[in-house]
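The structure appears right after this line, and notes come after that.
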Amino acid sequence: MRPESEADLAEIIAAAKAPFHIRGGGTRGIGRPVAGEVLETGALSGITLYEPGALTLVAQAGTPLAEIEAALQAEGQRLAFEPMDHRGLLGTTGAPTLGGVVAGNVSGPRRVQAGACRDFMLGVRFVDGAGRVVKNGGRVMKNVTGYDLVKLMTGSWGTLGVLTEVSLKVLPTPETAASLVIRGLSAQDAVGAMARAMGSPFEVTGAAHLPSGGDGPSETVLRIEGFETSVHYRANRLRDMFAEHDVPIESDPDHVAARWSAIRDVQAMTGQPGDVWRISCTPSEGPALAARLDAQQLLFDWAGGLIWARVPEGTDARARLGAFGGHATLVQGSEATRAALPVFQPEPAPLAALTDGVRAQFDPRGLLNPGLMAG
């Protein structure tokens with residue numbers, strides 16, 4: 001089904017007798033397999049309001065992300081949370097949509113400095129599992145009583161409602177950017193170096209570590225963005241902090257952008273055999289957790305607080321990790337693996353009961369992506 005309007009969507013859900021598999025652009029096939037008729041939101045498309053001076057954009061949920069980014073670029077602005085493009089890693093096609101980004105709270109390397117998608121959300125419209133049109137938030141940041149539906153819907157993967165419209169804050173695009181590359185560090189030393197960089201006054205907007213893959217030494221990459229003279233000054237001062245290393249500064253805009261797109265989209269693991277897990281943890285835990293995984297390939301992002309790990313197909317990464325203060329998500333895996341293993345981190349019983357209660361409020365008949373986030 002492909003509703004042409006929010007009213008059509010509400011009517012379809014209100015009259016439904018069986019579950020739906022909610023789909024935007026079809027590029028983020030994450031979660032347990034869902035049995036249900038496909039309900040596409042792609043026809044709910046278009047930018048409905050854009051006020052560059054107010055740093056505010058409102059668009060329908062099915063709007064292609066490329067359309068959003070093109071409109072912003074024309075005004076010298078961007079989505080500061082740098083959403084990942086999953087198509088390469090997951091081997092999917094189609095066009096990512098704004099609703100898909102919000103539903104997954106999809107955020108890239110700049111999250112470590114600017115915040116996540118959730119932090120830029122101003123308002124949402126959606127249709128819940130009873131077919132009711134719900135609106136929450138607005139065009140300005142404000143506190144709300146009761147459920148903060150803007151935050152609740154961001155990262156709910158279509159299990160609480162089907163997004164129809166999103167409003168969010170945007171930011172200016174910096175004039176330029178530069179990357180510093182420290183080669184040959186161990187994971188432990190890299191996490192320490194990234195912590196020093198993030199704690200410096202030089203406003204680092206990206207910090208990632210790529211362990212050696214057999215074709216060269218490891219690389220620890222730091223990004224600085226802003227006005228050209230400021231970037232030049234801060235990059236050199238940051239390099240002085242690591243004077244014991246030979247630290248080149250990359251300043252070619254296209255090269256810097258390509259490097260961070262590759263980190264954002266985990267391009268090194270694209271097309272490789274096995275499963276890919278995403279582990280969120282405290283940076284200090286990262287090296288030890290990575291060692292427990294015995295992974296075929298690793299990438300550390302968010303200054304070590306996010307680990308991407310490629311492991312043999314069917315491997316339960318959580319069994320290897322043991323107890324830790326974070327969560328692990330199976331991002332890329334076969335349908336059989338996603339059916340056999342919890343894709344999202346299982347919740348403790350009290351939290352799971354709360355989650356089930358919230359879901360029952362918004363989707364009492366269990367129509368929307370049932371089981372997708374099941375533990």
Side-chain angles (χ1 to χ4, degrees), residues 1 13 16-41 84 86 89-90 92 99-107 116-118 126-131 147 149 151-163 274-281 308-309 311 313-375:
M1 292 187 179
I13 293 177
K17 304 298 183 184
F20 294 109
H21 181 186
I22 314 303
R23 180 183 295 169
T27 66
R28 307 183 200 276
I30 298 172
R32 286 201 159 179
V34 175
E37 183 173 4
V38 173
L39 181 60
E40 295 185 350
T41 63
M84 175 184 179
H86 284 82
L89 187 63
L90 300 183
T92 53
V101 168
V102 173
N105 190 31
V106 180
S107 313
C117 173
R118 182 177 285 116
F126 65 94
V127 178
D128 71 7
Y147 289 119
L149 298 184
K151 298 292 195 294
L152 197 62
M153 289 297 293
T154 309
S156 63
W157 291 95
T159 62
L160 300 178
V162 183
L163 288 166
D275 298 338
V276 177
W277 288 75
R278 179 184 183 275
I279 298 106
S280 179
C281 61
W308 292 93
V311 296
E313 184 175 347
T315 299
D316 185 350
R318 297 189 192 99
R320 292 187 176 186
L321 290 168
F324 72 104
H327 53 83
T329 304
L330 175 61
V331 174
Q332 193 277 323
S334 68
E335 185 169 323
T337 300
R338 290 187 290 115
L341 298 175
V343 171
F344 296 91
Q345 184 79 24
E347 297 174 329
L351 182 57
L354 180 62
T355 299
D356 290 343
V358 171
R359 191 165 289 132
Q361 290 288 320
F362 290 96
D363 185 20
R365 295 180 292 162
L367 296 177
L368 308 179
N369 281 345
L372 183 141
M373 299 185 75

Original post:
CZ/Arg118 to CG/Asn105 distance, rounded to the nearest 0.5 angstrom?
Top reply: 4.0 Å
Subject >> Gln345 CD to Phe324 CZ distance, which is reported to the nearest 0.5 Å >> reply: 5.5 Å
Is there a donor-acceptor pair closer than 3.5 Å between any side-chain N or O of [X] and the backbone N or O of [Y]?
X      : Y      : value
Ser280 : Arg278 : no
Arg318 : Ala328 : yes
Ser107 : Cys117 : yes
Arg365 : Ala16  : yes
Arg338 : Gly31  : yes

Contact summary for [X] and [Y], nearest pair of heavy atoms:
X      : Y      : answer
Ile22  : Asn369 : N-OD1, 2.8 Å
Leu372 : Phe344 : O-CE1, 3.8 Å
Leu152 : Leu160 : CG-CD1, 3.7 Å
Leu149 : Phe362 : CD2-CZ, 3.3 Å
Ile13  : Leu367 : O-CD1, 3.9 Å
His327 : Thr329 : ND1-OG1, 4.2 Å

**OP:** Kindly indicate, with the supporting measurements, whether the criterion side-chain contact (heavy atoms from CB on, under 4.5 Å) is fulfilled by Val102 and Met153.
**Re:** CA-CA 8 Å; Val102 173; Met153 289 297 293; 5.7 Å; no
Original post:
How far apart are the C-alpha atoms of Asp128 and Gln361, what are their side-chain angles, what is the distance that settles it, and do they pass the side-chain contact (heavy atoms from CB on, under 4.5 Å) test?
Top reply: CA-CA 9 Å; Asp128 71 7; Gln361 290 288 320; over 6 Å; no
Any side-chain heavy-atom pair from [X] and [Y] closer than 4.5 angstrom?
X      : Y      : answer
His21  : Leu39  : no
Met373 : Thr355 : no
Thr159 : Arg359 : yes
Trp277 : Asp316 : yes
Phe126 : Val162 : no

**OP:** Applying side-chain contact (heavy atoms from CB on, under 4.5 Å), run through Leu90 and Ile30 and close with a yes or a no.
**Re:** CA-CA 9 Å; Leu90 300 183; Ile30 298 172; 4.0 Å; yes
Original post:
After noting the C-alpha distance and the side-chain angles of His86 and Val331, does the key distance pass the side-chain contact (heavy atoms from CB on, under 4.5 Å) rule?
Top reply: CA-CA 9 Å; His86 284 82; Val331 174; 4.1 Å; yes
Original post:
Which residues satisfy the salt bridge (Lys or Arg N to Asp or Glu O under 4.0 Å) test with Asp275, sequence neighbours excluded?
Top reply: none
